[in-house]
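Notes to accompany the following structure.
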Amino acid sequence: DGMKMQGYNGSQLWDSAFAVQAYATWPEFAAESFPKTMRSAHAFLDVAQVREDVPRMERVYRHISKGAWPFSTRNHGWPIADCSSEGLKATL
């Protein structure tokens with residue numbers, strides 16, 4: 001039925017960042033009631049962050065990726081400004 005394209009492999013980072021921020025509105029409750037969840041969320045935010053720029057990025061017309069967060073997982077690889085800001089807020 002024609003060509004298809006999928007730009008993302010999910011919305012894991014986006015969803016997790018907002019969940020962590022919601023928990024952070026009441027940090028005492030989150031720390032006492034959901035310590036494992038908060039540790040797991042922090043670990044996910046850490047592994048989802050893009051660690052390296054794309055090799056030969058000028059040749060393939062890419063911008064800097066290192067340090068940013070994508071919409072879903074590190075495998076997605078494309079940095080998105082909104083996701084980077086929410087990922088950073090959730091990490092802090």
Side-chain angles (χ1 to χ4, degrees):
D1 66 89
M3 293 178 58
K4 292 186 168 83
M5 190 269 189
Q6 179 178 350
Y8 304 109
N9 59 1
S11 60
Q12 296 91 323
L13 183 279
W14 188 249
D15 299 337
S16 298
F18 284 120
V20 168
Q21 290 177 54
Y23 282 129
T25 61
W26 195 0
E28 299 82 18
F29 175 72
E32 291 175 16
S33 303
F34 303 104
K36 185 178 177 188
T37 301
M38 296 304 286
R39 284 192 302 273
S40 296
H42 184 267
F44 174 73
L45 291 167
D46 183 47
V47 300
Q49 188 176 25
V50 178
R51 301 287 184 200
E52 297 178 7
D53 288 323
V54 174
R56 302 183 326 249
M57 64 183 180
E58 297 84 12
R59 185 175 179 178
V60 294
Y61 304 102
R62 292 280 301 267
H63 292 284
I64 295 170
S65 302
K66 185 177 182 179
W69 277 273
F71 188 61
S72 55
T73 64
R74 188 184 303 175
N75 291 336
H76 172 243
W78 289 90
I80 299 173
D82 293 353
C83 297
S84 293
S85 64
E86 299 304 338
L88 179 60
K89 283 179 7 186
T91 300
L92 294 175

Item to check | Residue pairs, two or more places apart or on separate chains, that pass side chain to side chain donor-acceptor pair (under 3.5 Å) and touch residues 55-70 | outcome: none
Checklist entry - Taking only residues two or more places apart in sequence or in another chain, which ones pass side chain to side chain donor-acceptor pair (under 3.5 Å) with Asp53? => result none
Next on the checklist: Applying side-chain contact (heavy atoms from CB on, under 4.5 Å), can you list everything that pairs with Arg51, at least two apart in sequence or on another chain?
Outcome noted: Asp46, Gln49, Arg74
Checklist entry - For the hydrophobic clusters of this structure (ILVMFWY residues joined by side-chain heavy atoms under 4.5 Å, transitively), does one cluster hold both Phe44 and Leu88? => result yes
Item to check | Partner set under side chain to side chain donor-acceptor pair (under 3.5 Å) for Thr73, not counting sequence neighbours | outcome: Asn9
Checklist entry - Which residues satisfy the side chain to side chain donor-acceptor pair (under 3.5 Å) test with Thr91, sequence neighbours excluded? => result none
Checklist entry - So, do Pro79 and Val50 sit near enough that their side-chain heavy atoms are less than 4.5 Å apart? => result no
Checklist entry - Does Leu92 belong to the same Ile/Leu/Val/Met/Phe/Trp/Tyr cluster as Leu13, with side-chain heavy atoms less than 4.5 Å apart forming each link? => result yes
Next on the checklist: Nearest 0.5 Å, please: how far is CH2 in Trp78 from OG in Ser72?
Outcome noted: 13.0 Å
Checklist entry - Which residue pairs pass the salt bridge (Lys or Arg N to Asp or Glu O under 4.0 Å) test with at least one member in residues 76-92, sequence neighbours excluded? => result Glu86-Lys89
Checklist entry - If you look only at pairs with a residue in residues 27-37, which of them pass as a side chain to side chain donor-acceptor pair (under 3.5 Å), with sequence neighbours excluded? => result none
Checklist entry - Among all residues two or more places apart in sequence or in another chain, which pass the side-chain contact (heavy atoms from CB on, under 4.5 Å) test with Ala90? => result Ala17, Val20, Gln21, Leu45
Checklist entry - Hey, what else clusters with Met57 if you join Ile, Leu, Val, Met, Phe, Trp, Tyr whenever side-chain heavy atoms sit under 4.5 Å? => result Val54, Val60, Ile64
Checklist entry - Residues two or more places apart in sequence or in another chain: which of them pass ring pair (Phe, Tyr, Trp, His ring centres under 6.0 Å) with Phe29? => result Trp26, Phe34
